[in-house]
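A quick write-up on the structure given underneath.
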Amino acid sequence: MLRLRAFRPTSDKVVKIQLHPTHPWLVTADANDRVSVWDWEHRQVIYELKAGGVDERRLVGAKLEKLAEGDDSKGKPTEAIRGGSVKQVSFYDDDVHFWQHWRNCSAAAEAPTAVNQQSSTFSAPAPSTRGRHFVVICCENKVIFLDLVTMRGRDVPKQELDNRSLLCMEFLSRSSSGDAPLVAFGSSDGVIRVLSMLTWKLVRRYTGGHKGAIACLMTYMSAAGEVHLVSGGSDGLLILWSADHIHDSRELVPKISMKAHDGGVVAVELSRVMGSAPQLITIGADKTLAIWDTVTFKEIRRIKPVPKLACHSVASWCHPRAPNLDILTCVKDSHIWAIEHPTYSALTRPLCELSSLVPPQVLAQHKKLRVYCMVAHPLQPHLVATGTNIGIILSEFDPRALPAIAPLPTPTGNKEHSAVYIVERELKLLNFQLSNTANPSLGNAGVASDTGRLRNESIEQLVVKQTKKHISTPAPHDSYSVLSVSSSGKYVAIVWPDIPSFAVYKASDWSVVDSGTGKLFAWDTCRDRYALVESALAPRMPLVVKGGSSKKAKEAAAAAAQAAAAAASAASAATVQVRILLDDGTAHVLQRSIDGRSEPVIGLHGGALLGVTYRTSRRISPLTATAISTVQSMPLSGFGGSGSSFASDDPFSSKEGPPQNFQLYSWETYQPVSGLLAQPEWTVWDQTVEYCAFAYQQYIVISSLRPQFRYLGDVSIPFATGAVWHRRQLFVATPTTIECVFVDAGVAAIDIETKKRKEEMKAREAQSRAVAEHGDLALITVEAPQVTASEKVSLRPPMLQVVRLASFQHAPSIPPFIVPKQSKLDGDDSVFQKELDGRRYSEVAVAGGGVSVAVTRFPPEQKRPIGPLVVVGVRDGVLWLVDRYMCAHALSLSHPGIRCRCLAAYGDPVSAVKWATRLGREHHDDLAQFMLGMGYANEALHLPGISKRLEFDLAMQSNDLKRALACLLTMSNSRDVGQETAAADATDVTQILNLAVAKQAKQESLSDAVQGIVKFVKEFFDLIDAADATGQADIAREVLKRLAAAASVKGALHGQMLRGLALRLANHGELTRLSGLVTNLIAAGHGREAAFAAAVLGDNALMEKAWQDTGMLAEAVLHAQAHGRPSLRNLVIAWNKMLQKELDHTPTVKTDAAAAFLASLEDPKLTSLGETEKKPPIEILPPGMPPLSAPPIVIKKSGTKPGLPNAAQASNGPIGAPMIQGATAPQGTQMVQGAPIAPGAPGAQGVPINQSAAAPAQGTDEAKPSEATAADAATPAAEVAAVPGSEEATAAPGTEEAPAAPVTAVEAATAAPSTEIPEATDKPSSTEASPPPPPPPPAYESVV
């Protein structure tokens, strides 16, 4: 039932303790008057000081601060005063003030005659401490106010309070925001003195009551709405004072005085009682505990909780796991004692034995554990802190136990909602509804004050009207119970896990339709059927009373062990049954046993699938085994079984995560539909069977159910206690917060596949029906040209968004170190305070037409009601919650940021867009992203305040390409780009001047537009592709017009963009713009892209120019040869020269002496200088082209015989050998492509002659010779090419030196074989395999 949440060992016994309501802070004082503030969640000490004596650190700090401020006063600082014995420690800030006020008001509202019947509608007190968190330490000689934010303190000596010893303190509620925080101190002379925390002066005294010292103080609110101060003294009197600030008199006299305890009152506590006025609980030195009525001030009951020991601490307690225990108290032993039914039976029982929680090694140093102080958490009743002689123990009592209430479905059109709950042995109905005059669905975003600004903590004042009705059917047991409702709402199941027993009631007449023994019960969310585990009735364990003999204790322990063994054997034999409730209200067994696994079942989880938790067999330590047996004997949760109510320290959860002992079964086939999963603490399923959530200790896993079970993600919401689905909204309650999770499964590939399969199945079903009706004639179809409309369904990832709706935290105030200094008159800073409050509360601005517009993205967090809560769900536009006192609370969802999301998640995006007019436009982008995640891109486009960038994305998602184009033109400022305006009709001088000015302005705007186009070039391309996919060519052309204009600016677009643009211009036939793009591509050096664009244009010369001008000569050569271009030879020469230059350029390499020596030992590559003449230059040629160094065809003039055909003389010449000047081409000889003809040589008849490089094609830039031909005359000696394998070299035509030896054409033919290199066709530009070039050979003379 409990576990150790936190433990801090101390050397001295802890005698004073207090918990902060909202922060995980705990302040303690030990017997040596050392005060420490401890963060129990993060296990670290925040502050420590020695309050009893003089704290040296604080004294030095105070002196340094005075020196820094220039204060030279010689007076003794207050930090130098010895504090004396610490009497009380406490926190004080806005959170403490608010929740103290809330507790008093809610306790008073329970009374039938209460002025304010609702605890949730009281006016919240205005903030007073401005973000500071005080630790207040009440010592005998002074009071220390320490600010934990600035770490500055203020010491008020007792001289300021009439020089009397201070014994206790209490903070008083203020009646208006102008009042300063007030603290009342009980003194040793029986007078209560009130100190102002603004002026640090005494402002009021309460006198004439006590004859001795005052031991305790407490404030409470009566049913009539009056605030009272109660004091208990060492004289045994309990005195009531008026704490309202209506009176201005400094001396206040007591209202009521009564004798409470002999020997003095030790402590006083306020108790909230369901359905009646609050009560007071007092403990005294006479070892008794008394309960007092606050209306008649008569004693209701007096008991002695532990006969031989006096109580030193008392706390009012209300926990759903122990519904009959209302008071906790402690004496100096090792127990926390609980009083059951204090008003009539008043049975005292030990709630827990603290020595079983702490580590054994700590206890070994002490003989026995002793408790010296105890306090329950004011907002989380499952946390109880105790101060002992070994340290601070923070215990946790089943934080996941929920109130015994179940909401019933509301009939359509009914504004009153109802829920059934059980109190003691009575079934009752709680009816609740909103009593606001304004309809919350209309969404008044707040209640404006006189100044026109929202002065309200919550979004909306929701007034709840509720009544409680008695049901005649009694409940058989009064122990802890768990209620659940069937899917139809016709049946209510109540499980008493501690008995164990269950009963199913019919909601119409509350008759019992089924009952039995068992503690595991689960409903199906689709039909009125349920699963249960019936078990044998285990014997009740005897109660061990304090002070019994050891023999009785041994007998009780033996009986407990026997009961645990019997329960374990019964549990192992129990099986899961499934029963169904028929329309006539009778229960029938559907399945006797679900044969899944052999392990015993320890938990059932209802839903669309039945979840079964098994006990896994693991090796466990003896300490863990003891804890497990304790849990088995006291089962905790109705659904989760024994193991599911523990958190991280429980025996069932290991460090590597929850155990894999959870399996899902089908309600229809009773067969497992999953493997073993991690055991969740609870599960909740959507009513529409679309989503489910599995809760674990630190997170909640959310999955989609259709078309198949698919994991969507997990949200980090730790320690969740319960949740409810509302379409795609999951409202989750934790011990400290209320969260809303918006869920959407997105679109996955399986969804599209399932949709196609369903369509195919529908088509086959329709076909089979047609065949059944009309026979085979129905299958006759006429084939027609089918137009396949390829609908592209874009995948969408799942979306999970968490919004916190409520928490315990107070609205943060402005810290004092941020607030500028203001001049205060008589300590009144109300003007500045109003300004700050107005700034903080101005959550609403007024838009045009008087519509209130929220200026925040989400509302400020509302106040979470105290204690464990049952989430009822969303009804009437608000979220309903029910607390432990069976009181209904409503959380507003009317803030537009929440309301729009709720409407979109519910499936009403049109209303969400309408509501968005009430939300500040700066938050529309965020809302649009949310709607996009929910799958409403089209509707999100109608939000008026979305940015152009997001509007473009949404338009692309929803295929509204016209709107996407308009957004893109606006963003890039290119609306006027590409709009040709003709100025031919401009005749007037003024018009011409205006046109000139407009032209200049247009150029400036063009540069801006080009920058914008470059910035959004990716979006432009995406828009073109989308337009192409949907056949909207006009939009694509508009975009291409802008891109082509940007591409005309040199350097604006780069590689990939230009290539993409060329491809798209070609696809759309924009040839004019494409030709301009080619020039820009050539200038940018993108040869391939330019050639591609030129190829689309069909311009071979432009393609060749693109390659040649960008240095891609290999491609130019191959293209020229393939297309018979006349520029082939010049291109080849230029190409080979470029290759030769690349080879000639050898980078210098540093070599050391050793490397040079080793290189000298190698064989020389050239044996003699003469061999250098025979090393040929590298020539790479396209296939079929003669070598560039082939000798010319030489024909001696003397040997020419007239009349003979030229073919007889030149038949043996090499193919493609160039003809010399004066030679005539033989008739019928076809010359090789690219072979140049010497000038003046007449061509033979019928011989096709290609134009040489000197006569280029028209319209190209090939008229000028290439670099290689232009440099021939300049470097004649270096460019004589030697033919490989020939012994004699021939001089190239045009050499200046006289020839030395005649060479015939036949010799040239035999000496000039083809020099084609096979790799030239595959790798035209590769020069990696070429040998190093030899030095250039000398030019030999030749004579023709």
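As a basis for the values below, the full set of heavy atoms in this structure was taken, side chains included, without hydrogen atoms, waters or symmetry mates. Keep in mind that this is a model prediction, so the values were computed, not measured.
- Of the options L800, V803, L730, a side-chain contact (heavy atoms from CB on, under 4.5 Å) to F742 is made by V803 and by none of the others.
- There is a side-chain donor-acceptor pair under 3.5 Å between W523 and S484.
- Judged by distance alone, the side chain of W682 and the main-chain N or O of A720 form a donor-acceptor pair under 3.5 Å.
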Discussion item. Checking Y696 against D714 for the side chain to side chain contact (heavy atoms under 4.5 Å, CB included) test, could you report, in this order, the C-alpha distance in whole Å, the side-chain angles of both residues, the deciding distance, and whether it holds?
Written reply: CA-CA 10 Å; Y696 296 90; D714 52 67; over 6 Å; no
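- Of the inter-residue distances, the one linking Q687 atom CD with C526 atom SG reads 8.5 Å to the nearest 0.5 angstrom.
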### Message
Applying side chain to side chain contact (heavy atoms under 4.5 Å, CB included) to V732 and V715, what does each step give before you reach the verdict?
### Response
CA-CA 11 Å; V732 184; V715 289; over 6 Å; no
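- Residues Y530 and D514 bring a donor and an acceptor atom of their side chains to less than 3.5 Å of each other.
- Residues P381 and R884 are not in side-chain contact: their nearest non-hydrogen atoms beyond the backbone lie 4.5 Å or more apart.
- Under the 6.0 Å cut-off for aromatic ring centres, F662 and F694 qualify, their centroids lying closer than that.
- Remark: side-chain polar atoms of Y480 are not paired, donor with acceptor, to backbone N or O of A401 under 3.5 angstrom.
- Between atom OG1 of residue T754 and atom CD of residue Q708 there is a gap of 7.0 Å, rounded to the nearest 0.5 Å.
- When all heavy atoms of S418 and R875 are compared, the closest pair comes out as O-NH1, 4.4 Å.
- Proximity of a side-chain donor or acceptor of S435 to a complementary backbone N or O of V463 within less than 3.5 Å is detected.
- By the 4.5 Å heavy-atom criterion applied to side chains, M886 and K428 are not counted as neighbours.
- In the displayed structure, K506 atom NZ is contacted under 6.0 Å by more than 12 heavy atoms of other residues, nucleotides or ligands.
- Comment: D751 engages R710 in a salt bridge, judged by a side-chain N to carboxylate O separation of less than 4.0 angstrom.
- For the atom pair L520 CG and T613 OG1, the distance stands at 9.0 Å (nearest 0.5 Å).
- Of the possible polar contacts, none joining the Q862 side chain to the L891 backbone as a donor-acceptor pair under 3.5 Å is found.
- With hydrogens and angles disregarded, no donor-acceptor distance shorter than 3.5 Å links the side chain of R857 to the backbone of G897.
- Side chains of W510 and V492 form a contact here, defined as non-hydrogen atoms less than 4.5 Å apart.
- Considering only heavy atoms from C-beta on, V420 stays 4.5 Å or farther from I405 through its side chain.
- Of the possible donor and acceptor atoms, one in the side chain of R728 sits under 3.5 Å from a partner among the backbone N and O of A904.
- Closest non-hydrogen pair, A522 versus G606, comes out as CB-N, 3.4 Å.
- Side-chain N/O atoms of H889 and D883 include a donor and acceptor closer than 3.5 Å.
- Between H895 and F858, the ring centre distance reaches or exceeds 6.0 Å.
- A donor-acceptor pair under 3.5 Å is formed between the side chain of T721 and the backbone N or O of A733.
- Ion pairing between a basic and an acidic side chain is recognised when a charged N comes within 4.0 Å of a carboxylate O; R901 and D926 show such pairing.
- When side chains are defined from C-beta on, N661 does not count as touching R615, because their heavy atoms never get closer than 4.5 Å.
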Practice problem: Could you give me the CA-CA distance, side-chain angles and deciding distance for W40 and L19, then say whether side chain to side chain contact (heavy atoms under 4.5 Å, CB included) is met? | Solution: CA-CA 10 Å; W40 52 263; L19 283 163; 4.0 Å; yes
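- At least one donor-acceptor pair under 3.5 Å links the side chain of S674 to the backbone N or O of L664.
- Under the 3.5 Å distance criterion, with hydrogens and angles disregarded, no donor-acceptor pair is assigned to the side chains of S666 and E668.
- No side-chain heavy atom of T683 sits less than 4.5 Å from a side-chain heavy atom of C692.
- Expressed to the nearest 0.5 Å, how far NZ of K465 lies from CZ of F432 amounts to 14.0 Å.
- Not one N or O on the side chain of R579 forms a donor-acceptor pair closer than 3.5 Å with the backbone of L532.
- For the side-chain contact (heavy atoms from CB on, under 4.5 Å) criterion with K415, the lone passing option out of T410, D876, L434 is D876.
- Taking 4.5 Å as the limit, every side-chain heavy atom of Q698 sits out of range of all side-chain heavy atoms of S716.
- We find the CZ-OH distance between R706 and Y691 to be 10.5 Å, quoted to the nearest 0.5 Å.
- A donor-acceptor pair under 3.5 Å is absent between the side-chain atoms of Q729 and the main chain of C740, judged by distance alone.
- Outside the 6.0 Å centre-distance limit, the rings of H382 and F397 are not counted as a close aromatic pair.
- Counting heavy atoms from C-beta on, the side chains of L705 and D686 never come closer than 4.5 Å.
- By the 30° and 60° cut-offs, the orientation of the rings of H726 relative to F731 is tilted.
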Side chain to side chain contact (heavy atoms under 4.5 Å, CB included) assessment of S894 paired with R899 | CA-CA 5 Å; S894 65; R899 173 75 65 174; 4.0 Å; yes
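- If you take CG on L379 and NE2 on H20, they are separated by 9.5 Å, rounding to the nearest 0.5 Å.
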